[in-house]
Amino acid sequence: NQWAKSDRVMMDDFNADNTKIDAALKANADTAAAASAAVALCGNCKIETSTYTGTGTYGSANPTTLTFPKKPTLLFVLASSGNGFMLMVTDKTPATTNAFVYYNGATWGTVNLSWQGSTLRFYSDRYDTWQGNASGVVYQVVAFYAQDK
């Protein structure tokens, strides 16, 4: 809930927000556990890192686009500065979905993401920081690939 200074703050609003945050945390924990289990079953994995610098744009007309040699088993995008942005995606993430991003210590935002082959596109309709595209910020990309057995 977003309040104006003149609004009366209601306990029900806090409870509803906390319920949403708890559900998002559980979903992320479940996703992380599934990804860990998938990687453990694969034996060794290949890890690749890269970076990109944010441009300050956001929204569906300006998605952040990352292309990989193949679809990663597990992927993290992290801000290398104090912006605190983190996005985690697994190969089990649906082709088109919403995901939660962690921003600046205690804020959860929603991004829309889609896979097209090995290319990931994601965007936020609210802020460039939630999209992982704040102007001049360097983002670290860490991709884990299951090795073929």
Side-chain angles (χ1 to χ4, degrees), residues 1-3 13-149:
N1 292 291
Q2 302 295 317
W3 297 289
D13 294 335
F14 279 102
N15 290 342
D17 287 346
N18 287 330
T19 298
K20 291 175 188 175
I21 291 168
D22 288 345
L25 289 171
K26 181 176 182 337
N28 282 343
D30 291 348
T31 300
S36 294
V39 170
L41 292 174
C42 295
N44 293 330
C45 68
K46 180 179 178 184
I47 302 171
E48 290 184 352
T49 61
S50 62
T51 62
Y52 69 91
T53 302
T55 63
T57 60
Y58 65 97
S60 60
N62 301 293
T64 301
T65 302
L66 304 173
T67 300
F68 303 93
K70 66 179 186 177
K71 191 174 182 182
T73 303
L74 177 63
L75 168 68
F76 290 97
V77 180
L78 308 155
S80 60
S81 69
N83 282 7
F85 173 86
M86 181 183 77
L87 171 68
M88 182 182 75
V89 179
T90 74
D91 62 349
K92 304 300 184 209
T93 301
T96 303
T97 190
N98 289 330
F100 288 96
V101 294
Y102 179 71
Y103 174 73
N104 204 20
T107 302
W108 289 92
T110 301
V111 296
N112 299 286
L113 62 87
S114 63
W115 282 102
Q116 293 177 338
S118 61
T119 297
L120 174 66
R121 288 181 176 80
F122 57 96
Y123 67 91
S124 168
D125 286 324
R126 296 204 58 193
Y127 307 107
D128 60 349
T129 52
W130 285 12
Q131 183 168 311
N133 202 31
S135 182
V137 173
V138 176
Y139 294 87
Q140 305 291 322
V141 180
V142 182
F144 297 83
Y145 300 93
Q147 294 288 5
D148 296 329
K149 292 185 179 184

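Only heavy atoms go into these numbers, but all of them, side chains included; no hydrogens, no water, no symmetry mates. Positions are given from 1, in the same order as the sequence printed here.
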In Å and rounded to the nearest 0.5 Å, what is the [atom1] to [atom2] distance from [X] to [Y]?
X	Y	atom1	atom2	value
Glu48	Tyr145	CD	OH	4.5 Å
Asn112	Phe122	CG	CZ	11.5 Å
Leu78	Thr49	CG	OG1	11.5 Å

**For Phe76, ring pair (Phe, Tyr, Trp, His ring centres under 6.0 Å) partners two or more places apart** =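 Result, ring pair (Phe, Tyr, Trp, His ring centres under 6.0 Å) vs Phe76: none returned.
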Compare every heavy atom of [Y] with every heavy atom of [X], then report the nearest pair and how far apart it is.
X	Y	answer
Val111	Ser124	CG1-CB, 4.3 Å
Tyr58	Asp125	CE1-O, 3.7 Å
Tyr123	Gly59	CB-O, 3.4 Å

**Request:** Under the side chain to side chain contact (heavy atoms under 4.5 Å, CB included) rule, collect the residues that match up with Thr57, sequence neighbours excluded.
**Result:**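 Counting only residues at least two positions away or on another chain, Thr57 forms a side chain to side chain contact (heavy atoms under 4.5 Å, CB included) with Thr55, Asn62, Asn133.
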**Heavy-atom side-chain contact between Thr64 and Tyr139 under 4.5 Å** =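 Answer no - side chains too far apart.
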**Item:** Asp128 and Val137: CA distance, side-chain angles, deciding distance, side chain to side chain contact (heavy atoms under 4.5 Å, CB included) verdict
**Value:** CA-CA 11 Å; Asp128 60 349; Val137 173; over 6 Å; no
**Message:** Test of understanding: with side-chain hydrogen bond (donor to acceptor under 3.5 Å, both in side chains), list the residues that count as partners of Thr19, not counting sequence neighbours.
**Reply:**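 side-chain hydrogen bond (donor to acceptor under 3.5 Å, both in side chains) check on Thr19 returns nothing, list empty.
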**Request:** Spell out, as yes or no, whether a donor-acceptor pair under 3.5 Å connects the side chain of Thr129 to the backbone of Ala134.
**Result:**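 Not at all, since once roles are kept as given, no pair shorter than 3.5 Å links the two residues.
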